Amino acid sequence: MKCNALVVLTLFILAACQPQHKDEVPTTGSSTSPDAAGKSVSKRPNIVFIFSDDHSYEAVSAYGGRLSKVAPTPNLDRIAKEGIRFDNCFVTNALCGPSRAVIQTGKHSHLNGFMENEHRFDGSQQTFPKLLQKGGYQTAVIGKWHLGTDPQGYDFWNVLPGQGTYYAPDFRTPDGLVAGTPGEYVTEAVVSKSIEWLEQDRDKDKPFMLMVQHKAPHRFWLPPVHLLDEYVAKDYPEPKNLFDDYRGRGTPAQTQDMTLRVTMDLALDNKMVPFRQDRMNEAQKKKWNEVYDKIRAEVLEKRPQGDDLVGWKYQRYMADYLACIKSLDDSVGTMLEYLEKSGLDENTVVIYASDQGFFLGEHGWFDKRFMYEESLKTPLLVRWPGVAKAGTVNKQMVSNLDFAQTFLDLAGIDQPTDMQGKSLKPLLEGKEPDDWRESVYYHYYCFPEYHAVRRHDGVRNSRYKLMHFYDLKEWELFDLEKDPMEMKSVHDDPEYAEVLSHMKGELANLREEYEVPPAPKLRKGETLFPPWREFGTFEIGLPDKGWTSLFDGKSLDGWRQPFASNPLEPVSQIAEPAGIEVVDGEIHLSPSPQVFYLHTLEFSDFVLELEAFTPGQDFDSGIGFRCVLPKGKQLPAGYQSEISDSRSGGIYDIGVGWMNPPEEQTKINDFVDRTNTFYQAGEWNQIRVMCKGERIRTWVNGQLCSDVEDSKHKQGTIGLQHHSKEGVYRFRNLRVLEL
Ligand code: CA
């Protein structure tokens, strides 16, 4: 924080020493080229678009929600107070990447091609920044990008790789990756870089469009340490439907995987076991551990269960999420202050929005994806001095689909006819266009996917919302006036027959207007692969190609018998292989002979992935790696990633002992057994092991479980272990990527 303030202060001093550019905008006939449309460019405003990730309108105090007193956002509120608060801004697809692609293109996901986070944005298509550039604007994007490919159409870009990290964030630049600075916090870094660009790097003879794009408050909500004490101490009001039982709605609400009760992870989300802190500096680690060790000790003593545990998780969630918001709000203050002191504020439109909303315990959920209000709606605040009337509240139906055209319109540049939104400029000017839209269209495409939200599209107007979960052939209709929390679908209520018919017609019209193709067929996708990018694994950036399969689903080719004197002696040569067989594309292990079944291929540096299924209780299994079977022995030498009802994901030096650092081990064993936290017995689990040089890491269902350094075993093969007296252990989708 101090560091950031210093940077800003330095920049102010620099600014004071330089000739002032109070009015940055070129006048007609100046040396800069006139805009493409040949319009007057004399008063074209600058645009600062401040954009966050997963920021619920409930967490902007200007909207007056239940959290506005306990976690105020004075700087965001200032934008609303000095400008316009939009109360009905919706997104077309409540997911990070797709929302961003819609903003770049002004087109729905099915036309811009970026429908899911795993897609890569085709940056060669028409985007608003390219048109702004052509029209004489200077463009920059700083912070979270999340579109896979490099930004195009920007004079300057510094973006976070993938989701980015909260601490010591790396930045991708046109010149390559710039490693994070220890001690730096992402929200502060993004705004510092933005101000640096405004102050030092841009061409001050041109109007500009700057996108300040924050990572916060995206999961896993790691606040800056200086806010921990304050936000941990607060008591956060619960939403009325925190304990929603999902009656009154269909299969999708009942079968999602995004509840605080089940999905929210005590380890990962509530930080009750150590997570990677290698991006924090020593002081940050010290403070972090001081605060979280205390919380951990308290909860260990109380051990809340059931609803009490949900309530406890909610308080933990809000403390972390809202502290991230506080930092974000502070950074907005820093930007507003800079604009003011530099004199840029008078001719700069400041826009604040998020890529979508987020559930803050409503319906017992976190995350987004659904078309329900908390996820569908995003905050939108706009300040345009001298034009937008201060303190205005606008209730028109607007959308992230409108942003691209708004930017172009503000710049006096023609809006391409194939963009699908509407410029908000008339609304900013206080006009009330007669032909404004009456409803918005929504479409979410990602199933199967984490959080298990079914694919759906739908329509919302000022009072009603119709949702169509087409894979299930289920519909939901809500009367938002009578049921703002969306607790009971009135789709089957005869009193709403006319409304239903109207909304179905509206949905059909919008599908036609936006050229929505027929719903795609449900994909096959029982496997947990490809990797769960959001769960701590995205940073590895594994390719889809280059993997070696260790099991073809049909035979035990490549696996050797346990006591082979010749290491290449395959299992298939045993007349009756004991304890191992292939069943329905899976390897089944039974107790006999309770040793490792080893593969014949050897690996040194690699990523190993597989799925494991073990009985509901009393099981002890393991995945061997870098294993070598010494002559005449039954037990290999090497490492093992444990799968057991006590510490799944722990690393064991086979025949020797546990490898995890004592401190980590104590904390883990104190708090939970890992099995019930990361590993789910009686279900398929994704196991990953990564060995590179001396560094060995294991993940269970995306959670990093071990991160140790050891050089004892350098190379060897992969093994499967059954180490219990009974039960059948199942494995499938075994594959290795050599590094
Ligand atoms: Ca997001």
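Both ligands and their constituent atoms are indexed starting at 1 by order of listing. Only heavy atoms go into these numbers, but all of them, side chains included; no hydrogens, no water, no symmetry mates. Not measured: the values here are computed from a predicted model.
Salt-bridge annotation for K144 and D355: absent, with no side-chain N of the basic residue lying under 4.0 Å from a carboxylate O of the acidic one. A salt bridge links R249 with D244; the closest basic N to acidic carboxylate O contact falls under 4.0 Å.
When the Ca ion (ligand 1) is compared with the N/O/S atoms of D54, atom OD1 turns out nearest. No other N/O/S atom of D355 lies as close to the Ca ion (ligand 1) as OD2 does. Checked against the Ca ion (ligand 1), the N, O or S atom of D53 at the shortest distance is OD1.
Counting backbone and side-chain atoms alike, Q356 contributes an N/O/S atom closer than 3.0 Å to the Ca ion (ligand 1). Taking backbone and side-chain atoms together, C96 has an N/O/S atom less than 3.0 Å away from the Ca ion (ligand 1).
S99 and Q356 share no side-chain donor-acceptor pair at under 3.5 Å. Checking Y372 against E476 by side-chain atom types alone, a donor-acceptor pair falls below 3.5 Å.
For the ring pair (Phe, Tyr, Trp, His ring centres under 6.0 Å) with F359, the lone residue among Y314, W365, F366 that qualifies is W365.
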